[in-house]
Amino acid sequence: MLHTINKSPFESNILETCIRFVQPGDPILFIENGVYAVQAHSRFAPMLEGIREKNPVYALQPDLSARGVTSLIDGVKTVDYEGFVDLVEKHKVNNWL
Amino acid sequence: MLHTINKSPFESNILETCIRFVQPGDPILFIENGVYAVQAHSRFAPMLEGIREKNPVYALQPDLSARGVTSLIDGVKTVDYEGFVDLVEKHKVNNWL
Amino acid sequence: MDVKKILHVMRHAPHGTVYTYEGLEMILMMAAYEQDLTVVFIGDGVYALKKEQDTTDIGVKGYARTFAALGDYDVEKLYVDRISLEERGLTEEDLEVGVEILDSETIGRLMKEQDVVIHH
Amino acid sequence: MDVKKILHVMRHAPHGTVYTYEGLEMILMMAAYEQDLTVVFIGDGVYALKKEQDTTDIGVKGYARTFAALGDYDVEKLYVDRISLEERGLTEEDLEVGVEILDSETIGRLMKEQDVVIHH
Amino acid sequence: MKIGILLKQGPYNHQASDTAYKFAEAAIRKGHTVDAVFLYNDGVINATKLMDPPQDDRHIAERWSDLNREHGVEILACIAASKRRGINEDVMIKGGAITGLGTLTDIAIRNDRLITFGD
Amino acid sequence: MKIGILLKQGPYNHQASDTAYKFAEAAIRKGHTVDAVFLYNDGVINATKLMDPPQDDRHIAERWSDLNREHGVEILACIAASKRRGINEDVMIKGGAITGLGTLTDIAIRNDRLITFGD
């Protein structure tokens, strides 16, 4: 199951809530303001590095570019909208709002 | 200066942000979903007890009643909408959203 | 006709925003379609079930008891996340509605079984 | 005519919601009224000033550089909250606009001096 | 005391419209003047007369109209925010008007307080 | 793959409308079928033809109309949510329609995926 997160981890507790329920191996895709979670050196970087050990982590490149987030945590994969569609094709979805 | 907070402390970081800037003695009024902050025994109760030592803490009774929040942290004063108006009359306002 | 497993995730406190109320309207409508519905309360969503809500003075309609009526519409699977309840200083006795309290791992596996998940 | 001290508090990340953009529109309009305006960036508001924002692929207009143009409208007092910047792993060099970085205590006193505070 | 209100959220979707109204009512009851309610961001949706809530629910747009008629409170929607959201003169409630952000600045200047309700 | 989209936020106010549109475009480009965009909560405001954004900005309502005309994507606004927010048949965009929550249930049943965009 693909989990998407669209809120900044600084403004919402949704990332911390979501990861309590995500099963190992399930991909997590960060979109919209959610992409700040994968920026290197932020307060949430250590949490994300922990998540990445159990789950593939993706971020939507158009949202990263729009926000000038250029330095990412190691191992985060970027996708465009077509890559987002591919993930939805491969997995059922759980869009955390 | 009166500070108002209208979001649940569990869903937003605004309480933690706001209190970094509030000056000692300035009143804080919790309204709407913000009133969950003054419920006794929640995870945020110790933080609120700390705030209350430096700042008068108020909560809007109609919002407490609407949410069934009946057990409050000691020392929190409740006001109705007219009491809200009185606080606004006494102080300039800073409505944190 | 396919029977789909559809999960509604209630995540917001009541009254501050309309999400829980309009979410409940959606659940009631879907209940007529004989799908396999589940409702789970996570985070501030658990506040929707708090006893003794009296919305008279804020001038809006209350609806906590409507969750209790979901059983009449054959929506029987109502679950509450244990950690969400505990960190809010609430217990099962504080809730208006009879629900089953589950741990994160069980809810996580339940989510993964669904065909459709809708957050409110 | 009274001159009022008006503080705009930018609190949201750009693009995810319209608050920062419509807030900027409000500041630009108020600038014509010769009031004593201040803009402070707190929390995710600091992201609004991040360098190298390119909104082409999400299909919306960017506006980070418009904050840099506020000086042309005599809005000179732009402040950034130090802790907000640091916990996001950002430094002054990451910002598009020349701003002064202040600590919480200074911003708190600045807030208290205002006649009007508007959060965006 | 003279009070201006800035309302930044849409009706029903967020409690802000209700809290702003209850606050305005209480202020008037206590003898204060509520000068204007300025609608910004999604707040402009408060001003559509096409709103048609269930019979047993409050009618948020009509409440703003009544506040204008009975107490002279100006109900003003920002034009730029309105255009983005499909609010124009044709759908404006009785007693409401569309105006620019300059008017909000005037409201901020001429009142003792400007209170914001939103999200 | 057949995809349904649930959109829960209003245009311009939140990026959800933009992301949903970009996602739908990409899905169609890759040969999938986007069956319907169901508008709920403030999402119904996406469907007003009275929207009038600045010339140099995207026109969100027209984009939905175009998606309907060019690719047969149904644009459907929930009637109860619409009534609360002043959306009705008179202001509905070309290619859009007002319907009930039963239709969303059908969309959830008949598609391989139901994707939600909102806040």
Side-chain angles (χ1 to χ4, degrees), chain E residues 6-18 21 39-65 75 77-96 98-101 116-119, chain F residues 6-18 21 39-65 75 77-96 98-101 116-119:
Chain E
L6 173 61
L7 176 52
K8 285 163 57 82
Q9 278 286 321
Y12 305 101
N13 207 68
H14 192 283
Q15 200 189 340
S17 300
D18 297 295
Y21 177 77
L39 308 172
Y40 200 52
N41 304 131
D42 273 358
V44 298
I45 299 161
N46 277 272
T48 172
K49 67 180 179 194
L50 303 184
M51 197 182 289
D52 180 23
Q55 290 290 338
D56 60 344
D57 202 354
R58 74 246 188 244
H59 195 303
I60 291 181
E62 281 180 8
R63 285 199 314 208
W64 294 124
S65 273
I75 309 295
C78 167
I79 185 161
S82 292
K83 280 173 166 252
R84 290 192 183 99
R85 294 160 179 93
I87 303 298
N88 62 27
E89 296 290 356
D90 296 339
V91 302
M92 181 58 48
I93 52 169
K94 213 170 159 201
I98 291 184
T99 181
L101 284 162
T116 312
F117 295 95
D119 186 50
Chain F
L6 173 61
L7 175 52
K8 286 163 57 83
Q9 279 287 320
Y12 306 101
N13 207 68
H14 192 284
Q15 199 189 340
S17 299
D18 296 296
Y21 176 77
L39 308 171
Y40 200 52
N41 305 130
D42 273 359
V44 297
I45 299 160
N46 278 273
T48 172
K49 67 180 179 196
L50 304 183
M51 195 182 292
D52 181 23
Q55 289 290 339
D56 61 344
D57 202 353
R58 72 241 189 247
H59 194 304
I60 291 180
E62 282 181 8
R63 284 198 316 206
W64 294 125
S65 273
I75 309 296
C78 167
I79 185 160
S82 291
K83 279 172 167 253
R84 290 190 183 100
R85 294 160 178 93
I87 303 298
N88 62 26
E89 296 290 355
D90 296 338
V91 302
M92 181 57 49
I93 51 169
K94 213 170 159 202
I98 292 183
T99 181
L101 284 162
T116 312
F117 295 95
D119 186 49

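Every value quoted in this text rests on a predicted model; they were computed, and no experiment measured them. Throughout, protein chains are lettered first and strands after them, A, B, ... in sequence-line order, and every chain is numbered starting at 1. Values below: every heavy atom of this structure, side chains too, minus hydrogens, waters and symmetry copies.
Looking only at heavy-atom pairs under 4.5 Å with chain F, the residue among E/Asp90, E/Thr48, E/Val91 that has the most is E/Thr48. Here F/Leu50 is the residue among F/Asn46, F/Asp57, F/Leu50 with the most heavy-atom pairs under 4.5 Å with chain E.
Between E/Arg84 and F/Pro11 the shortest heavy-atom distance is O-CG, 4.3 Å.
For the side-chain hydrogen bond (donor to acceptor under 3.5 Å, both in side chains) criterion with E/Asn13, the lone passing option out of F/Arg85, F/Lys8, F/Gln9 is F/Arg85.
Only the side chain of E/Asn88 comes within contact range of chain F, with heavy atoms under 4.5 Å apart.
Between the CD1 atom in E/Ile87 and the CD1 atom in F/Ile45 there is a gap of 7.5 Å [rounded to 0.5 Å].
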